[in-house]
Amino acid sequence: HPLGRVAPSRVDLGGVIEENVMVPTAPPPDELTGPSPPQESQDILQQAGTQQAGDATFPGTAATSYYPPDPDVAAGPTSLVEVVNSQFDIYSKTGSKLPGGNVFKTFFTSLDTTGQTLFDPRVVYDNVSSRFFMVVSSINRTTKQSFLFIAVSTSTNPASSWRTYKIDAQVVGSTRDVKYADRPQLGVNQSALFVTANEFTFGGSASYARLYTFSKKGLIAGTGALTHVSGPLYSLSSSGSHTNQFTVEPGHVLDTRTPTETMVNAYYGPAQTIILWRVVGAGGSTNPTITSRPVTVPSYKQFATDAPQKGTTTLVSVRTNQTRISSAAYRDGHVYTAMTTASSVAANGSAVRFYDIATGSNTATSQEFTSSSYWAYNPAVTPSLGNADLTLTFGFSGTNWYPSASYVQRLSGSWTTAAAMALGGGTVTDGRFGDYAGAAADPDGTHRYVIQEYGTGGSGAYDWRTSIMRK
């Protein structure tokens with residue numbers, strides 16, 4: 001069972017939960033009309049044997065007893081916060097590990113974590129409030145409880161104190177919805193913190209996505225937190241059936257002039273549509289207004305098999321996250337996002353699709369990163385705070401490559417050649433790869449950080465590590 005299967009010193013945080021996601025019907029024909037914007041394709045890893053140097057590339061958290069890591073990263077003025085499935089760690093911007101990190105069960109112990117399994121952490125640094133925010137899901141299968149644990153730093157220094165909150169994820173207004181919140185996504189804008197989650201029954205069946213909004217001011221001051229819990233997001237959308245409103249990714253709004261929040265999700269495929277969400281008025285005393293509209297993109301679809309890896313017939317489990325948006329950032333009228341889809345050049349292979357969505361014109365351009373020899377998956381992307389240059393990370397593997405970490409840049413509108421940032425040293429022994437990677441803009445306005453996992457071939461659960469790169 002995904003959150004209960006225990007191997008020696010090992011807890012599986014994936015598996016059945018993600019594999020039971022609903023497979024939706026195709027979107028209505030009227031949403032598939034109109035010309036598709038041009039799409040480009042780039043052969044990934046033209047320099048796969050070299051580790052292209054960024055400003056700094058360094059190893060992150062080494063394998064814990066939890067797998068997969070599901071890493072994320074946030075950049076503050078002087079330090080980084082990395083989260084993985086069991087803990088968070090603090091690093092300098094040149095890779096030195098700093099004191100102040102903690103195991104989540106211990107970090108949130110004052111809120112009573114008894115019987116709870118904490119998993120799927122996300123982290124973001126907010127330039128408006130100068131605070132780090134974290135969210136971690138939890139589940140207790142015995143009592144059928146589900147909580148969201150929220151933390152906000154009291155300063156720009158994540159090694160100092162934090163305010164912590166425990167939110168009952170099953171309370172919706174005056175009713176209780178006995179499901180659990182899986183794979184939370186985290187976004188922030190001027191006034192509010194946004195957490196979306198996929199809601200599952202305790203039997204492991206996917207139901208729908210939900211949005212939780214929090215007042216930033218209340219979280220920081222300790223005077224209040226949760227301001228609104230939405231109904232199932234499909235009920236608020238005119239775009240397709242409820243099965244097409246899953247894994248809705250709230251954007252990190254880098255443009256401080258924008259008071260709204262933009263979210264995005266993709267159909268499970270095959271499709272030509274991405275859904276763009278707009279949330280207005282969140283974080284206050286009244287409920288926000290939530291609307292959505294379809295954006296036509298080049299057609300995408302699912303792939304049939306998981307990814308091969310060197311040295312074993314065990315495949316890397318990446319299909320469960322295909323055609324799911326895995327990161328999003330908003331800046332100056334553009335949403336930058338990415339997901340894993342079927343490759344356009346490799347039969348049954350996977351590729352990474354990047355999208356640049358212009359919210360004003362409701363149009364999108366697309367870039368595919370693929371190869372006939374390698375499988376690409378698990379992307380995360382961010383632009384800089386001060387300009388539209390961006391960094392995209394993704395994992396890759398093939399029959400001649402262990403699971404590895406790669407990155408590519410878009411500089412002054414042109415893509416660089418994709419290259420490895422950390423070559424894998426061994427297999428992911430049970431094949432379970434993470435659900436997401438992370439990307440963050442540096443408050444200095446120029447630099448960007450990405451984090452990705454890769455295989456090390458260690459024994460038991462100790463077969464992964466994370467790599468962080470600054471560019």
Side-chain angles (χ1 to χ4, degrees), residues 1-6 11-27 66-68 70 85 115-122 135-148 167-173 175-185 195-212 229-237 239-249 263 265-271 275 301-306 317-326 339-340 430-436:
H1 219 280
L3 292 168
R5 190 181 71 212
V6 179
V11 180
D12 185 357
L13 295 177
V16 176
I17 289 178
E18 298 296 331
E19 291 170 356
N20 280 348
V21 64
M22 298 174 291
V23 178
T25 57
Y66 284 70
Y67 75 102
D70 292 334
N85 259 321
Q116 298 290 322
T117 298
L118 279 68
F119 65 103
D120 284 359
R122 304 305 294 259
V135 62
V136 188
S137 281
S138 80
I139 185 173
N140 185 323
R141 291 191 178 279
T142 301
T143 59
K144 290 185 168 53
Q145 292 176 298
S146 175
F147 296 95
L148 294 171
I167 308 300
D168 191 331
Q170 296 177 337
V171 174
V172 184
T175 64
R176 177 171 291 276
D177 190 2
V178 185
K179 295 180 177 64
Y180 68 91
D182 183 64
R183 189 174 169 163
Q185 286 85 233
V195 177
T196 58
N198 293 333
E199 304 290 329
F200 283 81
T201 69
F202 281 84
S205 297
S207 297
Y208 42 74
R210 190 187 299 285
L211 170 66
Y212 304 80
V229 180
S230 78
L233 286 177
Y234 72 82
S235 68
L236 306 175
S237 170
S239 305
S241 67
H242 69 282
T243 51
N244 285 325
Q245 317 303 325
F246 212 61
T247 313
V248 179
E249 184 79 25
M263 308 190 300
N265 78 281
Y267 285 171
Y268 203 55
I275 303 300
K301 61 181 181 179
Q302 302 163 357
F303 46 96
T305 62
D306 283 318
S317 178
V318 295
R319 283 191 304 141
T320 55
N321 291 305
Q322 60 183 321
T323 65
R324 292 198 195 184
I325 296 295
S326 55
M339 65 179 175
T340 306
D430 82 329
R432 184 72 174 98
F433 207 76
D435 295 329
Y436 49 81

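The shown structure was predicted, so the numbers you read here are calculated from the model rather than taken from an experiment.
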* **Candidate list T323, T196, N198, N265, test side chain to side chain donor-acceptor pair (under 3.5 Å), partner T247, passing option** => N198
* Asked: Below 6.0 angstrom between ring centroids: does that apply to Y208 and F246?
  -> no
* Structure fact -> So the salt bridge (Lys or Arg N to Asp or Glu O under 4.0 Å) pairs with at least one residue in residues 195-209 (sequence neighbours excluded) are E199-R210
* To do: With sequence neighbours excluded, tell me which residues meet side chain to side chain contact (heavy atoms under 4.5 Å, CB included) with Q322.
  => Q302, F303, R319
* Just jot down the side chain to side chain contact (heavy atoms under 4.5 Å, CB included) partners of T175, sequence neighbours excluded, or say none. => V172
* Asked: Quick one: do R122 and D70 make a salt bridge, cutoff under 4.0 Å?
  -> no
* Asked: Does D435 come within less than 4.0 Å of R432, counting only side-chain N to carboxylate O?
  -> yes
* Asked: Can you name the residues that form a side chain to side chain donor-acceptor pair (under 3.5 Å) with S146, not counting sequence neighbours?
  -> none
* To do: Can you sort out the partners of S137 under side chain to side chain donor-acceptor pair (under 3.5 Å), two or more places apart, ordered by chain and number?
  => none
* Taking Q185 for the side chain and V248 for the main chain, is one N or O donor matched with an acceptor at less than 3.5 Å? -> yes
* When rounded to the nearest 0.5 angstrom, what distance separates CG in L148 from CG in D168? -> 9.0 Å
* Asked: Do I275 and Y267 come close enough that some side-chain heavy atom pair is under 4.5 Å?
  -> yes
